[in-house]
Amino acid sequence: MPPLNFHPAGRHFLGIPGPSPVPDRLLRAMSYPTIDHRGPEFGALGLKVLQGMQAIFKTRHPVAIYPASGTGAWEAALVNTLSPGDQVLMFETGHFATLWNKMALRLGLQPEFIGLPGIEGWRRGVQADMVEERLRADREHRIRAVCVVHNETSTGVTSDIAAVRRAIDAAKHPALLLVDTISGLASADYRHDEWGVDVTVSGSQKGLMLPPGISFNALSPRALEAARQSKLPRSFWAWDEIVEMNRTGYWPYTPNTNLLYALAEAIDMLLEEGLDEVFARHQRLAAACRAAVDAWGLEIQCADPTVYSPVLTGVMMPAGVDADAVRKLIYSRFNLSLGAGLGKVKGLMFRIGHLGDCNDLTLLAHVAGCEMGLELAGVRLAASGTSAAMASLKAAAGARERPAARSI
Ligand code: PLP
C-alpha cells in the first residue's frame, strides 16, 4: 500500500461513479470554523440546507438529513415505515438493489425479489408491468412497500419511477413507494412529489459533489403517517424527533457541521447552474461517453437505450478480458480510477463515472485514459473512442447557446 501522503503530479482523475470529485468551492466551505451546533448561527445553516434539499428533491415535505452513508438512509427508510414480518416487493436491477434486499431480510422483513431472469435483469430498468401484475395478484394487500433503485450505480441503468407509480395506482394498491436515488439525485431528473414517492433515499457523495458522510430521506405525508403505526425498532433513525427539531434548523444529535457548510454551498452551485442545465450537462457527457464505447466496438452494459444512465456508463469487456486487470492498469499508468464490476458482473465490465463536478474535458480525459489502457491491455478497438467523444461534445457545443460574453 502506498503511503497515505502519496500524490503523483497533477490531479487524480476520479472516474468512479461516486464518490465524485469535490469542487474547490465546497472544500473551502468545509474549512470554515466548526461552530456550536446548538448556537444561534447554526439554526440558519440548518434551515438553509433543509429548505435547499427540498428544492433538490422537488418536494414540499420534510427531508431528514443523517450524518451517515447511504446505507444508513436505506435502513432509515425501512425501519421508519415497516413492521416485523411485513412483505415488501423489491426489483432486482443490480448489485445495489440486491444489497437493499439483503438488508430488508436482516431487518426481519419478508422481501420478495422479482426481476428479469439472469443477467438480463442487470441490463434493463425496473419493469413496471411486472410490478403491476404482482400487486394485482396481492388481493389482500399484504405487500406494504415497493422498493426500487432509480439509478443502478452497479450497471449504469436508470428506472422510470413515474411508471412504477402508475403501476401501483393501476393495481389500486396501497403499498408505499420507496426509491433509492443515491446516485441519481442532482444528476438525473428526479421529482419526489410529482412522482408520488413516499420515501426517497439519497447520499452526499454523488451528484451533490460532497465527500461521503451525509444521507437523506425525503418524506411524504403517507410515509410520516406510516411511521406513526410501524413497529420496527429504531432510535437514531427515527424521523419524529428529527423532523420536530428540524423546524428550527437543529438536530437531536450532533450533525456534521462542516459537511453541512459544503451542502449549503453545493445547493447554491446547483441552483445557480439550474437543475435543468445540470441534468442536460450530465446527458451530454453520458452521450459522449457512449459514443466512445460504440466507437471502440465494445458493448454498453445497459441494453435499453431509453434508460441509459446520465451518471455512469458500464463498459463490457470482450470474452476473455479481465475488466479488473484493465482497470488496475489504467489506474497505475494514468492515475485514473474507474468503477469495478460488482456482484454478478465482477470482472466482466468496468464503470466510467461522469457525474457531479465534471465537464467536457474531464470526460475526454477519462475516455482517453480508458482508450490508452485498453490498448495497452491488448484489447483490440475498432476505432478511436476519444475522437468519437470529441465529435459528440463538439457537436453539442456548437448547438449550445453561447453564454453571454463577460466584460473583463
Ligand atoms: N445505493 C446505491 C444506488 C449506491 O450507489 C450506493 C453506493 O454507492 C448505495 C446504495 C450505498 O451507499 P453508501 O455506500 O453511501 O452506504
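Both ligands and their constituent atoms are indexed starting at 1 by order of listing. In this chain, residues are counted from 1 in sequence order.
- Side chain to side chain, Y308 and T158 fail the donor-acceptor criterion of an N or O pair below 3.5 Å.
- Scanning the protein heavy atoms around atom 8 (O) of ligand 1, the nearest turns out to be K206 NZ, 2.8 Å.
- Atom 6 (C) of ligand 1 has its closest protein heavy atom at F96 CE2, 3.3 Å.
- Looking at Q205 against ligand 1, only its side chain comes within 4.0 Å, counting heavy atoms.
- Remark: the R281 side chain and the N359 side chain contain no N/O donor-acceptor pair separated by less than 3.5 Å.
- Ligand-side atoms of ligand 1 in range of S69: 13 (P), 15 (O), 16 (O), range being under 4.0 angstrom from any heavy atom.
- Not a single heavy atom of W100 sits under 4.0 Å from any atom of ligand 1.
- Using a 30° and 60° split on the angle between ring planes, F236 and Y66 fall in the tilted class, from 30° to 60°.
- Listed by atom number, the atoms of ligand 1 under 4.0 Å from W74 heavy atoms are 1 (N), 10 (C).
- With 3.5 Å as the limit, one finds no donor-acceptor pair spanning the side chains of W100 and D180.
- Scanning all protein heavy atoms for the shortest distance to atom 1 (N) of ligand 1 gives D180 OD2, 2.6 Å.
- Contact annotation for N151 and ligand 1: only backbone heavy atoms (N, CA, C, O) come within less than 4.0 Å of the ligand.
- Nearest residue to atom 5 (O) of ligand 1 from T181, T153, T71 is T153 (criterion: closest heavy atom).
- Aromatic ring orientation, F42 versus Y250: tilted (interplanar angle from 30° to 60°).
- If you check the side chains of T59 and Q54, you find no donor sitting under 3.5 Å from an acceptor.
- Ligand 1 has no nitrogen or oxygen under 3.5 angstrom from a nitrogen or oxygen of I182.
- Listed by number with element, the atoms of ligand 1 under 4.0 angstrom from any heavy atom of G70 are 12 (O), 13 (P), 15 (O), 16 (O).
- Classification of the H141-H173 ring pair by plane angle, with boundaries at 30° and 60°, yields tilted.
- What you find for G249 and L47 is that their closest heavy atoms are N-CD2, 3.6 Å.
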